[in-house]
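A short worksheet on the structure shown next.
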Amino acid sequence: MSELKDIGITTRKEDDFSEWYTQVVTKAGLIDYSPVKGFIVLKPYGYRIWEIIKESLDKKLKESGHQNGFLPILIPESLLSKEKDHFKGFTPEVFWVTKAGDTILPDKLAVRPTSETLAYQIFSKWIMSYRDLPLKINFWNSALRAEIKSTKPFIRNSEFLWQEGHTVHENQQEAEEEVLLILNYYHSIIENFLAIPTLKGIKSEREKFVGALYTNTLESLMPDGKALQMATSHNLGQNFSKPFEIRFLGRDSKQYFAWQTSWGISWRLIGALIMIHGDNKGLILPPKIAPIQVVIVPIFKKKDRAIVIEESKKLFAELNSFDLRITVDDREEYTAGWKFNDWEIKGVPLRINIGLRDINNNNLEIVRRDTGEKMSIKRKDCINSLHVYLDQIQKSLFEKAKIIQNNNIVKITNYDEMKKLLNEKGGFILADWCEKEECENNIKIETGADIRLIPFEKYPSDNKCIYCNENSKKTVIFAKAY
RNA sequence: GGGGUUGUGGUCUAGUUUGGUAGGAUACCAGCCUCGGGCGCUGGGGACCGUCGGUUCAAAUCCGGCCAACCCCA
């Protein structure tokens, strides 16, 4: 097998994780590189994964009264700088448009790093009274943040696809409910569709979204021991409504500043998907997110070609009437063996092998991508078996990932031990923290790890800050992060 | 932010030390074939050697700038 060097994945996940990731992303046909640093091209197969994520979230958002809109990509500097913390946080990575043709623009324009400021300037015009609230709008777009140094497809790019939701409410409680509702949507999609276990919590002051009151987050652990932020949902309080003057006439005929939220997920989720589930043969996609859930591969000698292709197409037509994403690989130019490998790199969860042998016996061979298991089934049981196996794969991918994540959440009470663990294998480190930013900063400097989240789940506290030994009531999760 | 590696048909690469205009594999196209794990055979097409400049009679090769990708560390 090792002489098949430059066709398949040539590095093992456990030997060189970074190199493995790069190979899977390109060889599975998800992306290509663009000529501009930090920008990637999403190929149809990769884009389809994003579409499926998008469709599943979009449905939930619409069901709960959110509407989609579209905002332009350019934001005047004066607007971007209106909320001071926000501006300071984003300005180092903003792309600026300074010319229109040969004309130098008198006021430079920011290419959106995120749309709060633009959206809220507009919202202030739309909102007059409590009758205009709540306003719940979502934007499926891209955001641009200059990544000068290190980039990684899906994980760190200068432009990324995402959605940003922005809501405006009458009171704080409604904003709080919104932020949690969305966090739960994200949680459900990530665990039930992407089959990635993820932890819910809140960000520390240091790590929260600049300009927010607080930031809720979902964090997952990658196989190399680093954390990846999967989603964020911010309660903005009145921090933006004041500078942007989003005021409304209340039910008591008095003027109030509105309460706001913003939230987003990005194509980073695709990066997580690859890292968590992939193996040394390539991608493994959970059925619910797979652009192709089942591939039919006809196997034939030339003289039998017509029969086998015809049977394959008949099978395809039958199965296609069910709610399945399915395709038949009738390409003549490749051998069956070649196709097996091809679909394995692409991570298609189930493959049906059909040859003359199977046709004569009224059988089909089903192969699971995640385990490699081959099963012979009766042709008439096909649709049932497919559903059963797809279900099993979806569950088993999640369970496997869950066990790994749980094994790597480690309670630590000794700082040296923490440093050692972070250095050797990483992981989620449960430790107590006194809530002083100084300790948080020092830990970051000395270990490279920061507080990924203050988990909603309560863990037993040992009442002493891991760094300064002073009183603590909070157990938080530290990790190195992407 | 600091350091390192790399760039040659679509892909992987030889050639660079010691300058003389590029060779292979794979992929592609045509035709055969016994297509159940990246088959085999015959023939064919495809290269501004990342880019810009310098040195030279002559540059993939030497020198410099730039662009891009990858890796490690903060």
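Every heavy atom of this structure was used, including side-chain atoms; hydrogens, water molecules and symmetry mates were not. Protein chains get the first letters and strands the later ones, always in sequence-line order, with residue 1 at the start of each.
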task: Sticking with atom C1', work out how far B/rA60 lies from B/rA47, rounded to a whole angstrom.
output: 11 Å
query: Are OP1 or OP2 of B/rA69 and a side-chain N or O of A/S150 less than 4.0 angstrom apart?
result: no
message: Please report the distance separating the P of B/rG19 from the corresponding atom of B/rC63, rounded so that it comes out in whole Å.
response: 12 Å
task: Among B/rG38, B/rG2, B/rG37, find the nucleotide with the atom closest to the side chain of A/K149.
output: B/rG2
message: Please report the distance separating the C1' of B/rU6 from the corresponding atom of B/rU16, rounded so that it comes out in whole Å.
response: 14 Å
- prompt: Side-chain donor-acceptor pair under 3.5 Å between A/Q23 and A/T10, yes or no?
  reply: yes
task: Select base, sugar-phosphate, or nothing to describe what A/P92 touches, counting heavy atoms under 4.0 Å on all strands.
output: nothing
- prompt: Counting any heavy atom closer than 4.0 Å, what does A/P35 reach on the DNA or RNA strands: base, sugar-phosphate only, or nothing?
  reply: sugar-phosphate
- request: Report yes or no: is the cationic atom of A/K208 (NZ for Lys, CZ for Arg) closer than 6.0 Å to the six-membered ring centre of A/Y214, at no more than 45° off its axis?
  value: no
message: Using atom C1' in both nucleotides, what's the gap between B/rG3 and B/rG45 to the nearest angstrom?
response: 45 Å
query: Contact class for A/G448 (heavy atom, under 4.0 Å): base, sugar-phosphate, or nothing?
result: nothing
message: Nearest to the A/V367 side chain among B/rC28, B/rG37, B/rU34, which nucleotide is it?
response: B/rG37
message: Under 4.0 Å, counting only non-hydrogen atoms across every strand here, what does A/R305 touch: a base, just sugar-phosphate, or nothing?
response: nothing
- prompt: So, for A/F154 and A/W267, is the gap between ring centers shorter than 6.0 Å?
  reply: yes
task: From the options B/rG36, B/rA69, B/rG37, select the nucleotide whose nearest atom is closest to the side chain of A/K37.
output: B/rA69
task: Nearest whole angstrom, please: distance from the P of B/rC28 to the OH of A/Y334.
output: 5 Å
query: Salt bridge between A/K420 and A/D416, side-chain N to carboxylate O under 4.0 Å?
result: no
- prompt: With both distances under 3.5 angstrom, what nucleotide forms a Watson-Crick or G-U wobble pair with B/rC70?
  reply: B/rG4
statement: In whole angstroms, the gap separating P of B/rC35 from CG of A/D330 amounts to 17 Å
query: If you check the A/N353 side chain, which of B/rG38, B/rG36, B/rC35 turns out closest?
result: B/rG36
message: With no hydrogens and no angle check, just 3.5 Å: does a side-chain donor-acceptor pair link A/S472 and A/N463?
response: no
- request: Report the distance from atom CG of A/N363 to atom C1' of B/rG36, rounded to the nearest whole Å.
  value: 14 Å
message: Using a heavy-atom cut-off of 4.0 Å across all strands, would you classify A/R331 as base, sugar-phosphate, or nothing?
response: nothing
field: Rounded distance in Å between the P positions of B/rA22 and B/rG9
entry: 15 Å
- request: Nearest whole angstrom, please: distance from the C1' of B/rG36 to the NZ of A/K301.
  value: 8 Å
query: Start at the 5' end of RNA chain B and walk down; is the nucleotide closest to A/I445 or to A/D358 reached first?
result: A/D358
- prompt: For the pair made of OH in A/Y21 and P in B/rC70, what is the distance, rounded to whole Å?
  reply: 10 Å
- prompt: Among the nucleotides B/rG38, B/rC35, B/rG37, which one has an atom lying closest to any side-chain atom of A/E344?
  reply: B/rG37
Pair A/N341, A/Y334: side-chain N/O donor-acceptor within cut-off below 3.5 Å: no
query: If we take the P atom in both B/rC70 and B/rA30, what is their distance in whole Å?
result: 35 Å
- request: Whole angstrom is fine here: how far is it from CG in A/D15 over to P in B/rC71?
  value: 15 Å
query: For B/rG20, which nucleotide is its Watson-Crick or G-U wobble mate, given both distances must be under 3.5 Å?
result: B/rC57
field: Atom-to-atom span, NZ of A/K302 to P of B/rC35 - whole angstrom
entry: 11 Å
message: For a quick check of understanding: with a heavy-atom distance under 4.0 Å over all strands, which category does A/G38 fall into, base, sugar-phosphate or nothing?
response: sugar-phosphate
- request: May I ask you to verify whether the side chain of A/K374 and the base of B/rG36 hold a donor-acceptor pair under 3.5 Å?
  value: no
- prompt: Quick one: is A/T22 getting a side-chain N or O under 4.0 Å of the B/rA69 phosphate, OP1 or OP2?
  reply: no
task: Side chain of A/D342 only, please: which of B/rG38, B/rA74, B/rU34 is the nearest?
output: B/rG38
statement: Winner on side-chain proximity to A/K152, out of B/rC71, B/rC39, B/rG36, is B/rC71
task: Look at the aromatic rings of A/F95 and A/F39 and report parallel, tilted or perpendicular, splitting at 30° and 60°.
output: tilted
- request: Please measure how far the C1' atom in B/rG36 lies from the corresponding atom in B/rC41, and state the result in whole Å.
  value: 22 Å
field: Short side-chain N/O contact to B/rC71 OP1/OP2 from A/S18, under 4.0 Å
entry: yes
- prompt: With both distances kept under 3.5 Å, what pairs with B/rG10, Watson-Crick or G-U wobble?
  reply: B/rU26
Closest listed nucleotide, where the reference is the side chain of A/A336 and the choices are B/rC72, B/rG38, B/rG36: B/rG36
Side chain of A/Y33 (C-beta onward), nearest among B/rG37, B/rA69, B/rG36: B/rA69
task: Assess the side chains of A/K464 and A/N471: does a donor N or O sit below 3.5 Å from an acceptor N or O?
output: no
query: Taking the same atom, P, in B/rU61 and in B/rG54, what whole-Å distance lies between them?
result: 14 Å
statement: By nearest-nucleotide position on RNA chain B, the 5'-leaning member of A/E446 and A/K339 is A/K339
query: Any idea which of B/rG36, B/rC70, B/rG37 is nearest the A/E365 side chain?
result: B/rG36
- request: Would you please classify the geometry between the A/F160 ring and the A/W162 ring as parallel, tilted or perpendicular, with 30° and 60° separating the classes?
  value: perpendicular
query: Between atom CG in A/D304 and atom C1' in B/rC33, what is the gap in whole Å?
result: 14 Å
query: With a 4.0 Å cut-off on heavy atoms, is A/I354 in touch with a base, just the backbone sugar-phosphate, or nothing at all?
result: nothing
